[in-house]
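Comments concern the structure below.
Letters A, B, ... are given to chains in the order of the sequence lines, protein chains preceding strands, and every chain is numbered from 1.
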Amino acid sequence: MPELPEVETIRRQLLPLLAGRTVVRAWLLPEAPRLPAHPPDAAAFVSLLEGRRLLSVERRGKYLLFPLNDGNVWVVHLRMTGALVHSAAGATEDRFVRARFHLDDGSLLLYRDVRKLGRMWVVGDPQQVVGKLGPEPLCEGLTAEALRSALTRRRAPVKALLLDQRLVAGLGNIYADEALHEAGLSPLRPGGSLSPAEVERLRQAIVRVLEGATGHGGTSFFAYVDARGQRGRHQLHVRVYRRQGQPCPRCGTAVARTRVGGRSTHYCPACQL
DNA sequence: CTTATTCCCTGATTGC
DNA sequence: TGCAATCAGGGAATAA
């Protein structure tokens, strides 16, 4: 489940490997059910990439953006089980590889996605895809004022609001739970009930959690691997996610699990108020 | 406008 | 041992 730290880890690894490279040949799973892509026709999609040079690797929220030398932008979202693994020709292939990108240095970028929930686009303006995303937490875009306006007068649980990419870009289920624990706030609190001091605590917790996880190369509870095919290490450092029944690292109370907004939610019932 | 629910997709896990 | 039901969750779509 790549969230911001996982996608940022992949971006940093891919940048030196892909910048300046030309896509000499591309292949996209052609048979149904297909990998969702835009344009939807696999041949048309491939033709927009072949022969183009990748100028850089950028990230917006959980989206990877690859600006092309013809002005278009290749956009990838890994969703739940997507992975972009770069390796020399002869890389590990299995039945879950859904797309291949051969580069002009002989290397190969494999797109692997067990559940085929990931998506790709080639668009003239990336705003078509990422235009509605909220502020970036790690680029000083997420100010206290921005977070306050996202939560104010909202009755939905703050956990559900943190998962809404239009309010804050990049948080998923793991880091929403972790940030709320770090801030000492219950995931069940209505968004609008947070005081200005609590909003600021939450903002700082979001930044700290995302920076910490990025420093650990992301979290690998499930299938996540980085661009080198390696697992992240942050699952060794989580405080509440998937730790129900185990002691809260802050107060020792057993971590609870419930459902918020249809998502499993983990929190300490004693010190998250 | 808001909030809640369903769907996509398949391997791993759980229940009987 | 086998098979079916459930779970994992990001985001779009739909319903209320």
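A donor-acceptor pair is defined here as one N or O able to donate and one able to accept, closer than 3.5 Å; no such pair exists between the side chain of A:Glu182 and the backbone of A:Val209. With hydrogens and angles ignored, the 3.5 Å screen pairs no side-chain donor or acceptor of A:Glu50 with any backbone N or O of A:Leu48.
The interatomic distance linking A:Phe96 (CZ) with B:dG11 (C1') rounds to 7 Å, in whole Å. With rounding to whole Å, A:Arg79 atom CZ is found 6 Å from C:dA12 atom P. Atom CG of A:Asp164 and atom P of B:dA4 are 12 Å apart (whole Å). One can place CG of A:Asp94 at 14 Å from P of B:dT10, the figure rounded to the nearest angstrom. In this structure, A:Lys132 places its NZ atom 20 Å from P of C:dG10, rounding to the nearest Å. We find that CG of A:Leu64 is positioned 15 Å from C1' of C:dG10, with the value rounded to whole Å. We find that CZ of A:Arg98 is positioned 11 Å from P of B:dC9, with the value rounded to whole Å. The separation between A:Leu29 atom CG and B:dC9 atom P is 11 Å, rounded to whole Å.
Within 4.0 Å of A:Arg119, counting heavy atoms only, lies no atom of the nucleic acid at all. Residue contacts for A:Arg95: at a heavy-atom cut-off of 4.0 Å it reaches the sugar-phosphate backbone alone, with no base atom in range. Residue contacts shown for A:Arg259 are limited to sugar-phosphate atoms, with no base heavy atom under 4.0 Å away. Note on A:Tyr241: only backbone sugar-phosphate atoms sit closer than 4.0 angstrom, heavy atoms only; bases stay farther off. A:Phe221 comes within contact range of no nucleotide atom at all, as no heavy-atom separation falls under 4.0 Å. Within 4.0 Å (heavy atoms only), A:Ser264 reaches sugar-phosphate atoms of the nucleic acid but no base atom.
Side-chain atoms of A:Leu161 lie closest to B:dT3 of the nucleotides B:dG11, C:dG10, B:dT3. For A:Arg115, the listed nucleotide lying nearest its side chain is B:dT10; candidates were B:dT10, C:dG11, B:dC8. Nearest to the side-chain atoms of A:Tyr63 among the listed nucleotides C:dG10, B:dT10, C:dG11 stands C:dG11. With distances taken from any side-chain atom of A:Arg155 to the nucleotides B:dG11, B:dT3, C:dG11, the minimum falls on B:dT3.
The only member of A:Glu93, A:Arg25, A:Arg112 that meets side chain to side chain contact (heavy atoms under 4.5 Å, CB included) when paired with A:Arg100 is A:Glu93.
The side chain of A:Lys116 places an N or O atom within less than 4.0 Å of a non-bridging phosphate oxygen (OP1 or OP2) of B:dT10. Between C:dG11 and A:Lys62, a contact under 4.0 Å exists linking OP1 or OP2 to a side-chain N or O. An OP1 or OP2 oxygen of C:dG11 is reached within less than 4.0 angstrom by a side-chain nitrogen or oxygen of A:His77. OP1 or OP2 of B:dT3 sits under 4.0 Å from a side-chain N or O of A:Arg154.
Residues A:Arg148 and A:Glu145 are paired through a salt bridge, judged by an N-O separation under 4.0 Å between the basic side chain and the carboxylate. The pair A:Asp226-A:Arg228 does not meet the salt-bridge criterion, since no charged nitrogen lies less than 4.0 angstrom from a carboxylate oxygen.
Note: A:Leu180 CG to A:Ile206 CD1 = 7.5 Å, rounded to the nearest 0.5 Å.
Taking the nucleotide of DNA chain B with the nearest heavy atom to each of A:Pro157 and A:Arg263, the more 5' of the two is matched to A:Pro157.
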